[in-house]
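For reference, the structure is listed below as structure tokens.
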There are 4 protein chains.
Amino acid sequence: MRDGLQGASISAICAEAGISPGHLYHYFNSKDEIVEAMAEGYLEYVREHFAKMAACGSVVSAIDAEFQRAMERSNSGSHGLLFDMIAEAGRSEKVAATLERNTRAICQLLVELIRKGQRNGEIRADLDPAIVATAIIGVIDAIKMVARRDRKVDLRAVIAMIGAMIKRFIVAE
Amino acid sequence: MRDGLQGASISAICAEAGISPGHLYHYFNSKDEIVEAMAEGYLEYVREHFAKMAACGSVVSAIDAEFQRAMERSNSGSHGLLFDMIAEAGRSEKVAATLERNTRAICQLLVELIRKGQRNGEIRADLDPAIVATAIIGVIDAIKMVARRDRKVDLRAVIAMIGAMIKRFIVAE
Amino acid sequence: MRDGLQGASISAICAEAGISPGHLYHYFNSKDEIVEAMAEGYLEYVREHFAKMAACGSVVSAIDAEFQRAMERSNSGSHGLLFDMIAEAGRSEKVAATLERNTRAICQLLVELIRKGQRNGEIRADLDPAIVATAIIGVIDAIKMVARRDRKVDLRAVIAMIGAMIKRFIVAE
Amino acid sequence: MRDGLQGASISAICAEAGISPGHLYHYFNSKDEIVEAMAEGYLEYVREHFAKMAACGSVVSAIDAEFQRAMERSNSGSHGLLFDMIAEAGRSEKVAATLERNTRAICQLLVELIRKGQRNGEIRADLDPAIVATAIIGVIDAIKMVARRDRKVDLRAVIAMIGAMIKRFIVAE
DNA sequence: GATGAATGAGATTTCATTCAT
DNA sequence: TATGAATGAAATCTCATTCAT
């Protein structure tokens, strides 16, 4: 995470892990496999976290929680792995596929949450759940990007506005 | 753009440019300078394009135009440079600074457009122009990320929804 | 035999043998010892085979039998170990010594056969048995090399000619 | 030649050549290309040498000259490249093809020499020139192998005998 | 302005060997 | 006997950079 997906050298990884290069290849057959595993691991974590978030609540509260999390993490220069993957996806079919698989899994979780909201009248019934879900994921990413584009931005205010924007749009009157 | 900001080797760049490595160093003092110049060049282009867009119109039409452009470009696997820069900004202070400078310039253009809209009653007057501008930039990025996260997504529908969301929020009644 | 004397890695050998590297070192102290043992084993086999051949017959029939064998084996890309050893002998004193020891043993068998032939008038009496034996071994090797140098050669015809050549020279009139 | 075709490490080659590893790859794209070039170079040299030998003389004198050369070189542990190639040809299709191409070229030179000998009555007319040529090449190799198999052998006597054997067979009465 | 030979550090990967269990 | 995790040196190869011309 410090040096980027491809930026980390084998010897740096070994130093960090406290093992020898020879032994690293006992676990992975190539550096690419490590990159893949990191990508997969990161996304798995994101998905699980999101599942937990979604388990106990509504779309609206899930969004709020994710926004909160995106903001807290943005200071520590985190999200690096995500941006590396987005960038790498443009070159590596494998990373692209991994990213895609995961995006759809998260999207599906959101879709179900939205459907539930529509059934109990919380969410406007005339919206396509899949499109709303995709838009929400995009907007959560957008928060992270805003934080990267300008590190001094008033992220709290931006999040508040974007949150209000989404809620005004999707919440049924 | 083919190999990524750091992924391009000097010799590959030289082959593409049709010059010798020795001569390349006549123009640039290091590979980092090339990366910087590419970043600067790209962002300069984006800024100019945005300025033109903004010159003749309202916030609403500028957003629509940018959305349109984001969608058209998404198919060709473009935006690569942008994502490389976002990723690189996490590691290189220089790239981060370049990105920041440019983001603010674009933001400023948007702020002026928004202020104009507020003066003539098109945009809600109670919104902070800087925050709105930042949010809009973030949302434009979000469109690009959505296209990368899932290459088979119905981008047109997502854009339509996000566009509607923004307009419902910022347009004065 | 698949990868060459030195070309086989310890782990490949272990995989083939179905044992662990740790256990391999229970039997051998180093890879060189394995190479040596393979060389020794192969040459032992060759020597025994030759002894059997020589036991029941004359020089002439022994040569014919060896030529036949060289030809049959040449198709299957065999003789690999022999050529590896000849090549390795140029670098490893141990392999060179092993090869030498064995060559002399085979040579001795042939010498006795030749002497017997000379006693019963089959072989010209004016020939030095040691030189004839060495030449015969060389010529048997030559057949194998011919097959390697050109895989499409008419080996049967070459063998017939070389056989005739030897017989015309050593058989007493 | 000291360490064998594959046995020579890149850094050893660089040390010997007095250049840096980086620069070595300016001339060759891979170690395999170096091996190939060495093989090709060696065989080219052999072929040229043989052509010269053949240019001015008869088959018989060419054979004598080659035998002489094989003997002189055998002391210096030379012929290493040849044996490496023969061994490697069993594993590398490329080396096998290179060896084959060259063997045929040398064979062709010999065939012409033999035909000339047959025309002027020096060589028996009932022999197939191609087979004789192949057998002669094999026998020249045999001399080299004999010298490797037993470094203390009386090579001069063996050569004398094999030479006599060939001449008695191919020379017309 | 322009070349391209040359460098040398560093990248990934392999492999013979050891050792605690 | 037997395992297999672990090592670390060395192998091949890449690449940003320099410099004489």
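Each chain gets a letter, A, B and so on, in the order its sequence line appears, and its residues count up from 1. Only a predicted model underlies this, so the values are computations on that prediction, with no experimental measurement involved. Computed from heavy atoms alone, side chains included, the values below leave out hydrogens, waters and symmetry copies.
Remark: P of E:dC15 and CD1 of C:Ile34 are 14 Å apart, rounded to the nearest angstrom. Whole-Å rounding puts the A:Lys31 NZ to E:dG10 C1' distance at 12 Å. Nucleotide F:dA16 holds its P atom 11 Å from the CG atom of B:Asp32, rounded to whole Å. One interatomic measurement links the two molecules: CD1 of C:Ile10 to P of E:dT17, which rounds to 6 Å at whole-angstrom precision. As a whole-Å value, the separation of D:Ile13 CD1 from F:dC13 P is 10 Å. To the nearest angstrom, C1' of E:dA11 lies 18 Å from CZ of A:Phe28. Residue B:His26 contributes atom NE2, which lies 16 Å from atom C1' of E:dG4 at whole-angstrom precision.
Distance alone, capped at 3.5 Å, is enough to place a donor-acceptor pair between the A:Glu33 side chain and the A:Asn29 backbone.
Taking the side chain as every heavy atom from C-beta outward, C:Leu43 and C:Met85 approach each other to under 4.5 Å.
Contact annotation: B:Tyr25 side-chain N/O to F:dT17 OP1/OP2 distance is under 4.0 Å. Residue A:Ser20 places at least one side-chain N or O closer than 4.0 Å to OP1 or OP2 of F:dT7. In this model, the phosphate group of E:dT3 is not approached by any side-chain N or O of B:His23 to a distance below 4.0 Å at OP1 or OP2.
Pairing for F:dT14 is with E:dA9, a Watson-Crick or G-U wobble pair whose two hydrogen-bonding atom distances lie under 3.5 Å. Across all strands shown, E:dT3 is found opposite F:dA20 as a Watson-Crick or G-U wobble partner, with both distances under 3.5 Å.
With E:dA16, E:dT12, E:dT18 as the candidates, the nucleotide lying closest to the side chain of C:Ser9 is E:dA16.
Map C:Gly7 and D:Tyr27 each onto its nearest nucleotide of DNA chain E; the residue landing nearer the 5' end is D:Tyr27. Taking for each of A:Ile19 and C:Leu24 the nucleotide of DNA chain F with the nearest heavy atom, the 5'-most of the two is the partner of C:Leu24.
Nucleotides E:dG1 and F:dT21, compared at atom P, are 22 Å apart to the nearest Å.
A salt bridge links B:Arg151 to A:Glu100: one of the charged nitrogens lies within less than 4.0 Å of a carboxylate oxygen. Looking at A:Asp32 and A:Lys94, no side-chain N of the basic residue comes within less than 4.0 Å of a carboxylate O on the acidic one, giving no salt bridge.
Closest approach of D:Met38 and D:Leu81 over heavy atoms only: CE-CD1, 4.2 Å.
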